[in-house]
2 protein chains.
Amino acid sequence: MRLVIARCSVNYAGRLSAHLPLALRLLIIKADSSVLVHADGGSYKPLNWMSPPCRLDEQPGRWVVTGKSGETLTIELEEILADSSFDLGIDPGLIKDGVESHLQELLAAQMHVLGEGWRLVRREYPTPIGPVDLMCRDAAGACVAIEIKRRGEIDGVEQLTRYLELLNRDPLLAPVQGIFAAQEIKPQARILAQDRGIRCLVLDYDSMRGADDGALRLF
Amino acid sequence: MRLVIARCSVNYAGRLSAHLPLALRLLIIKADSSVLVHADGGSYKPLNWMSPPCRLDEQPGRWVVTGKSGETLTIELEEILADSSFDLGIDPGLIKDGVESHLQELLAAQMHVLGEGWRLVRREYPTPIGPVDLMCRDAAGACVAIEIKRRGEIDGVEQLTRYLELLNRDPLLAPVQGIFAAQEIKPQARILAQDRGIRCLVLDYDSMRGADDGALRLF
DNA sequence: TTGTTGATTTCGCAA
DNA sequence: TTGCGAAGTCAACAA
């Protein structure tokens, strides 16, 4: 990894065109030749960048980075204040816990909280327009499709609605009910769901991990 | 901006939990106290980070960054190989060209590619649920609503469907047809559009800029 | 390889 | 402040 502090101007030509006027910035060149141009603010997103795979052509006062599909990042170097390199090695990588797939696993393993005699048909139940997170049957044997989100917004309700519309065309499955489950359900999403006869379920991740059934509330 | 090369382990506790085992990494502390943890690969996204606004508590061998809503990033510093600071000043910012609004302008100026005698009624045609990108009339005088996306996915078809449903309630406008136009249309979006009687149009930005009508293909 | 979905998405604009 | 839509989204995973 090479770190350069330089007064530079930058041009990008790819899906769009973008230009950065002359200013002092941090330039990062990673081991795979990818380049990041950072300012001293904003968030983690660079002002401009080139993703790997790419090739860096270093000329005096000018770097030209060319991407896989021909896009180019051109950096004009006016003045270099610092330039240092380090060998960091390969990173062991990030370990995450608490994302949507975990919610799906937990709810799949706790079908009983939905009601007596409910059972899981399968996770990621395939349909032509994408997989239903959980397909199950209630005590009476009727189909129920469950869409799980970390944050329940209108898009998720629309997604579940599409699944239900399609599934209900199949006489072997119909009628299929829907449940919209999320750690947090936005008011607009809740209203839309209820308007469409879809039940809402608020999930509590920590409590589910502890298998505390009281944490699940059906609306 | 402060740049630190250090052997460190990192823990994040917020919406999710994440952990980085001990390894050599680049730590960036920006002027607003936001922190980025980068490895020597991957893309522009850091392995871990804290977005502003946040507060950095620097203890010996440990940094604790606390975010606005209480999330924390804890960095345990095992060994520091480099540590330098720079004053970059405020960046003048990025100038972009080639985004969705430009596609809208270009298509609005090239109505004839849709067919003989087509004309534009107006761009950003207002409805109670949001503006229709382009409203036009075909040679027979029938209304056509056009939704433009850079990448055409299912959400865009849903959006256009909502507009059409609403517009078709107005006897002065009905029947209103729909066209879904994008630089790239995903298969599922195309299927959904066709199922709903919405035509798909693939746009080529470069050719449109050159006003090459042959670049537009109606499906 | 291609396609689809989730994300600590981030970012910008408008109501 | 909140909500909605776009992004050079990125990244993980399945077909």
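The chains referred to below are lettered A, B, ... by the order of the sequence lines, with proteins before strands, and numbering in each begins at 1. Note that this is a predicted model, so its numbers are computed, not measured.
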> Would A:Q104 and A:R123 satisfy side chain to side chain donor-acceptor pair (under 3.5 Å), going step by step from the backbone distance to the final call?
Replying inline: CA-CA 8 Å; A:Q104 193 189 109; A:R123 287 171 52 193; 2.9 Å; yes
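The shortest distance between the side-chain N/O atoms of B:S51 and the OP1/OP2 oxygens of C:dT10 is below 4.0 Å. The side chain of B:R151 places an N or O atom within less than 4.0 Å of a non-bridging phosphate oxygen (OP1 or OP2) of D:dT9. Residue A:R15 places at least one side-chain N or O closer than 4.0 Å to OP1 or OP2 of D:dT9.
On the P atoms, C:dT8 is 22 Å away from D:dG5, given to the nearest whole Å. One P atom belongs to D:dG8, the other to D:dC4, and the distance between them is 22 Å to the nearest Å.
A:M50 comes within contact range of at least one nucleobase, with a heavy-atom separation under 4.0 Å. A:P131 comes within contact range of no nucleotide atom at all, as no heavy-atom separation falls under 4.0 Å. Counting any heavy atom pair closer than 4.0 Å across all strands shown, A:K186 reaches no nucleic acid atom.
Considering only heavy atoms from C-beta on, A:T161 stays 4.5 Å or farther from A:L192 through its side chain.
The distance from atom CD1 of B:I154 to atom C1' of D:dG5 is 17 Å, rounded to the nearest whole Å. In this structure, A:L16 atom CG and C:dC11 atom P are separated by 16 Å, rounded to whole Å. Computed from coordinates, the B:L103 CG to D:dA7 P distance equals 9 Å when rounded to whole Å. Spacing between atom CD1 of B:I185 and atom C1' of C:dG3 amounts to 16 Å, rounded to whole angstrom units. Distance, A:I95 CD1 to D:dA12 P: 13 Å, rounded to whole Å. The CG-P distance, from A:L20 to D:dG8, rounds to 13 Å in whole Å. As a whole-Å value, the separation of A:E153 CD from D:dA6 C1' is 15 Å. Computed from coordinates, the B:W49 CH2 to D:dA11 C1' distance equals 11 Å when rounded to whole Å.
Counted within 6.0 Å of CD1 on A:I95, heavy atoms from surrounding residues, nucleotides or ligands total more than 12; the atom is thus considered enclosed.
Pairing each heavy atom of A:L203 with each of A:A181, the nearest pair is CD1-CB, 4.0 Å.
Although no hydrogens or angles enter the test, the distance criterion places a donor-acceptor pair under 3.5 Å between the side chain of A:K30 and the main chain of B:A39.
Closest contact between the side chain of A:L94 and the listed nucleotides D:dA7, D:dG8, C:dT8 involves C:dT8. Comparing atom distances between the A:Y163 side chain and each of C:dG6, C:dT5, C:dT8 picks out C:dT5 as nearest.
Side-chain N/O atoms of B:K149 and B:Q159 include a donor and acceptor closer than 3.5 Å.
B:R151 has a carboxylate O that lies under 4.0 Å from a charged side-chain N of B:E153, or vice versa, which qualifies the two as a salt bridge. Remark: B:E100 does not engage B:R150 in a salt bridge, criterion side-chain N to carboxylate O under 4.0 Å.
Both B:A189 and B:Y12 lie close to DNA chain C; mapped to their nearest nucleotides by heavy-atom distance, the more 5′-ward contact belongs to B:A189. The residue among A:K68 and A:Q159 whose nearest nucleotide of DNA chain C is located toward the 5' end is A:K68.
For residues 37-45 of chain A, proximity to DNA chain C is found at A:S43, A:Y44, A:K45, defined as any non-hydrogen atom under 4.0 angstrom from a strand atom.
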